[in-house]
Every structure is written in C-alpha cells, then in structure tokens.
**Student:** 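The structure that follows is given in the form of structure tokens.
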Amino acid sequence: MARHDPHSYADLTQGRIAHIDLRIEADFDAHLLNIEADYQLVEPVNGSLFLDAAGIDLARAVANGRTLQWEFDQQDELLGERLHLKGLNGVSSFTLAFNTSREARALQWLPGVQTAGGVHPFLYSQCQAIHARSVFPCQDTPSVRFTFSAEVEVPKALTAVMAAEQVRVRERGANKVFQFKMPQPIPSYLFAIGAGNLVFRELGPRTGVYAEPELVEAAAWEFAENEAKIVEAEKLLGPYLWGRYDLLILPPSFPYGGMENPRLTFLTPTAILGNRGQTTLITHELAHAWTGNLVTNATWEDFWLNEGWTTYAETRITEVLEGIEFADLTAMYDEQRLFEVMERIGMDSILTRLKVPSEGLDPDSATTIIPYYKGCFFLKECEYAVGRERFDAFIHKYTGKYQFQSLTTEAFLDFLERELPEVFEKVNVQEWVYEPGLTDKRRKPQSALYDEVQSVLSVYRQGTRPARGQVADWRRYQILSFLQALPKQIPAEDCKYFEEILDLEGKNDAGHYSYFYTTCITSGYQDILPRVEEFIDRVGRMLYLLPIFRAMIAADWAKPHARRILEAVRERQHTITSMLSTNCSKKPGCKPIPIQNGTSLRIP
Ligand code: BES
Ligand code: ZN
C-alpha cells in the first residue's frame with residue numbers, strides 16, 4: 001500500500017475524492033451529526049478505497065444502487081480508523097450514511113451557559129490538522145482537494161454557518177435548513193461548520209461578521225478595517241479568489257486565536273479588545289487565504305509552508321497598514337518568542353527544523369510557533385537576498401502558479417531555485433530548512449520602540465521600578481515585550497505595581513494576562529490563584545493557557561492546583577486543549593497520546 005502522508009490512511013493510487021454532497025442534521029441533544037454524503041471520485045475506482053475515519057458510526061455504504069462491502073480494518077490512536085470500502089467495480093460515486101461520535105475531536109458542542117447569550121447551544125468545528133475524519137470519512141490529507149455542497153438542518157432558533165457560500169435557507173417543521181456550496185476545491189482540514197444564536201453584520205462589500213447578538217456590535221467595530229486589509233493583501237499576494245471574507249466569533253473555549261476556514265475565519269472572542277489591538281490576528285488569517293488555502297502544504301511535515309509564508313505575508317501587510325516602527329517592534333517580540341520556545345524544547349530538537357519528520361507524532365502536540373517565525377525569518381532572508389521588488393514578483397508567481405494545489409517543501413525549494421537562483425548563493429537554504437536551531441547568519445530585526453522597553457527593564461533589574469509616566473503611552477506590543485522579558489521571579493509587590501501602572505485591568509487583554517499570570521506564578525504570588533482560575537475557566541486559547549499551566553507545573557506551590565484546575569475545567573475546554581493539557585485518560589473515548597515536547601504538557 002502506498003501511503004503519501006504519514007497522517008492519513010489514504011492511498012492516492014486508488015483514486016481521489018473530487019466532490020461531496022452532504023446532508024447534515026445537527027442533533028443538539030445527542031451531540032452528534034447525522035449525515036448522508038454522496039461522494040464523487042475524480043475517476044472510476046476499481047477494487048479498494050481507503051478513507052480516514054475517527055469514531056464514525058457507519059450505517060450504510062451504497063454505490064450504483066448496490067450495497068458496498070466495508071470494514072474498519074486498521075486502527076491507530078493517532079490516525080483513527082481506516083475505512084476500507086471494498087469491491088468498487090468502476091465506481092465513480094458512492095453514498096455513505098453515518099453518525100459522528102459524541103467524542104468527535106473536531107466538534108465542540110457547547111451548552112448555552114458557555115456562550116455570550118447564555119441560552120442557546122453552540123456548535124463549532126475545528127478540523128485542522130487531522131480532525132476532519134471525525135466529521136466525515138475522507139482522504140484526510142491536505143494533498144487531496146474537493147468541492148462540496150451541503151445542507152445543514154438545525155433547530156429554528158439557531159443559525160448554521162459554513163466555510164462556504166450560503167445559497168438559501170428554508171424551514172422544515174421545527175427546524176431550519178441552510179444550504180451551502182463551496183465551488184473552490186479545498187483540502188479536508190478547511191471544512192468547517194458552526195451553529196448558534198448568530199446574527200450577521202456587514203462590514204464592507206466583501207466582508208462581514210457573524211456573532212451572537214451580545215457581541216456583534218463590538219465585533220463590527222473591532223474588525224471594521226477588514227475590507228482595507230483585503231485590498232492591501234491583494235497587492236502583495238494576488239487577487240482574492242474566495243469571494244467573501246467573513247468572520248465567525250466563537251465562544252471563548254475556542255482553542256486557537258483564529259482558524260483560516262475559507263470565506264469564514266473562525267475567531268476567538270478574546271480578539272475583541274475594544275481598541276483594534278489584535279487585528280494582526282485577522283491579517284494572519286486573511287493571508288492564509290493565499291498561503292495555506294490557495295497554495296497548501298502537502299503534508300503536516302510541510303506545515304511551515306502554510307504558517308511561515310502566512311507570517312511573512314502578515315508582517316508585510318502590517319508594515320503597510322501600521323507602519324514600519326510597529327512592524328519592527330513585532331519582529332523583535334517575535335524573535336524573542338522564537339528563542340524562548342527553542343530554548344525550552346532544546347535547540348537541537350527536531351521540532352526546531354522547518355521541515356519536521358513527524359511520522360508517529362500528533363500534529364497538534366508537535367505544533368509550536370517555530371514554523372511561523374523561523375519560516376518567516378527564512379523568507380525574509382530570501383527577500384533580502386534578491387531585493388523586495390524581485391521577491392514580490394516571485395510571490396505573485398508562486399500564488400498564481402500553484403493556486404488550488406498542494407506543495408511539498410522540496411517542490412517549493414525547486415521552484416525557488418528555478419526562479420531566484422541567487423537565493424541559494426546567498427542564503428544557506430539547506431541549513432534553514434533541514435537543520436535544527438536558528439542560524440546566526442541572518443539580518444537581525446531592530447526596533448527603537450523595543451529598545452525603549454529594554455532600557456526600562458534594565459533599570460528595573462538594577463532596582464528601580466519604572467514610573468507610571470514612562471509606560472503610559474506604550475503600545476500593545478511594547479507591553480507584551482515588557483511582560484515577556486521581566487525576570488522570572490519578582491516580588492509580589494512588583495507584580496501588583498506593574499499591573500497597575502500598565503493598566504492591565506483597564507485594557508483587559510488576555511494576551512497581557514497570559515504573561516502576567518505566568519510571572520505571578522513563578523514569583524510565588526499565591527494570592528493570584530483565584531484570578532488565574534477564573535482566567536483558565538474563561539479563556540480557551542491555547543497560546544495563552546499553556547504558558548500558565550507550564551508555570552504552574554514548574555512551581556512547587558502551584559503544581560497541586562494545576563491538576564485540580566485541569567480536572568475541573570476539562571469538560572468546558574475544547575477536546576484539543578484538554579488532550580494537550582493532560583494525558584486525558586479519564587475522558588471517555590479519549591486515550592493518552594504520545595506527548596512530544598512541543599505545545600503539549602504533561603503533569604509529572
Ligand atoms: N491555522 C492556524 C491554527 C492551527 C494551527 C490550527 C495548527 C490547528 C493546527 C492559525 O492560522 C493560527 O496560526 N492561529 C494562531 C494565531 C496566529 C496569529 C499566530 C493562534 O491560534 O494562536
Ligand atoms: Zn496560521
């Protein structure tokens with residue numbers, strides 16, 4: 001059998017899925033989707049077809065009016081089950097009828113109390129990296145693309161959304177049926193569905209936001225500049241080929257900042273700050289419309305092609321929209337984060353390579369920010385080697401030539417060498433891509449705004465606390481840089497003092513508090529615990545949560561609390577978060593997964 005992707009059972013020599021028509025009924029009592037799906041293949045298939053599945057309860061498989069033989073004939077903790085469809089004789093379409101399981105890793109079913117409105121339930125999916133298989137059997141590898149259409153039936157009080165174009169809505173008894181189509185071919189990890197008490201607010205001709213009524217005003221103000229972002233992104237990356245760009249504001253348990261589902265970015269509510277301070281997150285998810293969604297990593301080993309390119313594009317667009325001083329400041333901050341993570345997991349860990357040999361690794365627990373920032377810094381070096389003008393022409397060619405295709409690292413490097421051979425003369429591409437760590441032979445970012453923060457910190461290290469006036473005008477990334485670089489252990493009095501002069505409470509920014517609570521914990525400021533618990537209870541974004549847990553596990557006084565808190569909040573966290581934050585053996589259907597040194601935690 002020919003496996004093309006270490007994270008999928010698919011054997012692409014058998015055939016490929018081209019299109020799926022789904023009829024989906026959301027059962028909010030049973031917490032499952034009841035689905036009937038018609039699959040069309042690129043060409044007729046003879047013999048077997050292997051699909052990825054995870055917890056799928058398959059009732060029926062039919063092709064040309066004839067029942068198909070099938071079996072779940074392989075099983076793996078990481079990959080799920082292999083659905084083996086048998087005896088396909090020149091078949092180019094088939095139908096499967098099935099239910100998802102209550103433990104489907106991609107699906108989060110929330111009771112009303114966990115939403116902003118407090119009344120209606122909420123459902124959302126998160127398929128990246130390998131969770132689409134828990135929603136429908138598929139070739140769950142980013143190197144297979146398919147179009148789809150879907151009908152989603154939900155109770156009348158709810159609105160269903162998908163990362164697709166909405167075609168129409170009609171009533172059926174006590175329910176509503178929403179119809180969608182996705183005419184552009186997508187990889188399975190970009191399949192996305194949501195349902196809740198949602199309203200829509202238009203922001204611009206191509207942009208809008210779906211949110212619960214309680215949040216929609218604030219969201220519409222926060223993201224009012226999205227249209228201008230698309231215009232800027234198009235200059236750098238080429239025409240936007242997905243039609244609309246809307247946002248879906250999720251309940252706080254969402255484990256990510258954002259997820260670039262095509263046409264409909266899924267977003268954490270913690271991005272609504274009231275000051276447009278986190279719109280670089282939108283820039284990032286929007287840039288994925290090209291780097292990731294249009295040109296896609298072929299496997300999760302090539303993840304840096306998605307995230308490194310997107311982070312690079314994000315910095316370029318941000319430079320235009322926010323100015324070079326801001327872009328330089330964030331580059332310094334990002335570089336520090338990169339060092340921090342590399343030091344934590346070890347400079348020679350395989351996770352510090354851009355191309356990560358990840359067979360047998362869970363892509364979720366192997367995810368770090370390394371492919372983001374090391375990838376971005378590598379692409380910047382490529383830009384410096386040939387100059388911005390030529391690099392920009394290269395970007396256009398790249399997104400044009402490979403649109404709606406998937407690419408391995410090697411195919412990308414071949415293209416780079418053909419188009420910009422000087423890059424290979426000036427930059428040690430081999431080292432950047434295949435070696436661990438971060439080379440010293442690169443142009444280092446510099447920033448006056450960052451230096452200002454560092455000089456305040458160096459005075460503080462010598463014993464003098466900054467005055468309020470020195471920090472009063474600081475920008476968000478200056479505050480983040482300050483909190484990032486504070487000594488690990490400071491007097492509790494100083495924690496209180498910094499919270500006050502930086503006005504953390506007034507700004508109510510979960511990004512600040514993630515650092516702040518981490519410092520409080522390592523500093524032994526025990527009175528902070530109830531507030532930390534409240535934060536963990538409220539915020540699901542892993543980027544913010546995991547550092548706090550790491551600090552708790554490392555501090556003797558806090559360690560017993562870490563376990564207790566994790567147990568207490570587990571039911572409220574996303575499955576992905578709870579899998580990463582413990583070995584999770586008590587959750588039904590959720591087995592311990594091999595935990596690597598990346599994002600994940602293990603409580604000793
Ligand atoms: N595509 C990622 C989120 C993701 C990564 C989901 C890996 C599943 C597996 C998204 O674009 C992203 O990178 N989100 C970041 C924010 C970004 C600005 C660094 C996040 O969620 O923190
Ligand atoms: Zn991303």
Side-chain angles (χ1 to χ4, degrees), residues 7 105-106 108 124-132 134 140 142 163 186-192 229 233 247-248 250 252-262 264-271 277-297 299-315 317-318 330-331 333-334 337-338 341 351 356 358 361-376 379 476-477 480 510-511 514 539-547 574-577 579-580 596 598-600:
H7 294 112
R105 281 192 201 170
Q108 184 77 352
Y124 68 84
S125 67
Q126 168 58 44
C127 287
Q128 194 181 11
I130 55 168
H131 307 308
S134 71
D140 198 5
I186 57 149
S188 52
Y189 80 91
L190 293 176
F191 181 92
K229 270 190 204 290
L247 304 176
L248 171 65
L250 293 171
S253 67
F254 185 52
Y256 296 99
M259 175 63 213
E260 66 272 23
N261 296 316
L264 185 66
T265 281
F266 282 25
L267 202 71
T268 171
T270 63
Q278 256 211 72
T279 59
T280 53
L281 175 59
I282 307 287
T283 311
H284 179 95
E285 305 311 335
L286 172 64
H288 269 306
W290 291 265
T291 48
N293 300 5
L294 199 57
V295 184
T296 307
N297 53 207
T299 73
W300 299 114
E301 299 189 328
D302 309 297
F303 183 58
W304 79 274
L305 280 179
N306 274 19
E307 296 300 345
W309 263 111
T310 298
T311 306
Y312 172 81
E314 175 197 335
T315 63
I317 297 162
T318 301
T330 53
Y333 170 72
D334 293 342
R337 288 178 65 201
L338 180 57
V341 174
L351 297 181
V356 180
S358 57
L361 297 190
D362 171 22
D364 284 336
S365 38
T367 299
T368 70
I369 59 162
I370 294 167
Y372 293 70
Y373 300 118
K374 185 176 175 183
C376 171
L379 293 167
R476 178 170 191 263
Y477 277 91
L480 290 171
S514 171
V539 174
R541 187 174 179 186
M542 290 193 287
L543 193 70
Y544 294 159
L545 276 188
L546 295 180
H574 195 282
T575 321
I576 296 173
T577 311
M579 301 269 293
L580 290 185
Q596 299 302 316
T599 328
S600 54

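Any value given below was found using the heavy atoms of this structure, including those in side chains, with hydrogens, waters and symmetry copies removed. Note that ligands are numbered from 1 as they come in the structure, with each ligand's atoms numbered from 1 the same way.
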**Student:** Of all N, O or S atoms in His284, which has the smallest distance to the Zn ion (ligand 2)?
**Tutor:**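 Per the distance ranking, His284 contributes NE2 as its closest N/O/S atom to the Zn ion (ligand 2).
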**Student:** Would you say Asn306 and Tyr189 are linked by a side-chain donor-acceptor pair, where the criterion is simply a distance under 3.5 Å?
**Tutor:**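 Yes, because at least one side-chain N or O of Tyr189 sits under 3.5 Å from a partner of the opposite role on Asn306.
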**Student:** I'd like to know if the side chain of Thr296 and the backbone of Pro142 have a donor-acceptor N/O pair within less than 3.5 Å.
**Tutor:**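 It does not hold such a pair.
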**Student:** Tell me, please, which residues at least two apart from Glu314 pass side-chain hydrogen bond (donor to acceptor under 3.5 Å, both in side chains).
**Tutor:**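 With sequence neighbours excluded, Glu314 shows a side-chain hydrogen bond (donor to acceptor under 3.5 Å, both in side chains) to His284, given in chain and number order.
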**Student:** Has Asp140 got a side-chain atom pairing as donor or acceptor with Ser188's backbone, closer than 3.5 angstrom?
**Tutor:**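 No, Asp140 side chain to Ser188 backbone: no donor-acceptor pair under 3.5 Å.
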**Student:** For Thr330, what residues pass the side-chain hydrogen bond (donor to acceptor under 3.5 Å, both in side chains) criterion, not counting sequence neighbours?
**Tutor:**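 By the side-chain hydrogen bond (donor to acceptor under 3.5 Å, both in side chains) rule, Thr330 matches no residue at all.
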**Student:** Ignoring hydrogens and geometry, is there a side-chain-to-backbone donor-acceptor pair from Gln126 to Gln128 under 3.5 Å?
**Tutor:**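 Side chain of Gln126 to backbone of Gln128: a pair is present.
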**Student:** Run the salt bridge (charged side-chain N to carboxylate O under 4.0 Å, His left out) test against Arg337 and tell me which residues pass, sequence neighbours left out.
**Tutor:**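 Here no residue qualifies.
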**Student:** Among the N, O or S atoms that Glu307 has, which is closest to the Zn ion (ligand 2)?
**Tutor:**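 Answer by atom name: OE1.
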**Student:** Under a 4.0 Å heavy-atom cut-off, which residues neighbour ligand 1?
**Tutor:**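 Contacts of ligand 1 under 4.0 Å: Gln126, Gln128, Tyr256, Gly257, Gly258, Met259, Glu260, Leu281, His284, Glu285, His288, Phe303, Glu307, Tyr372, Arg541, Leu543.
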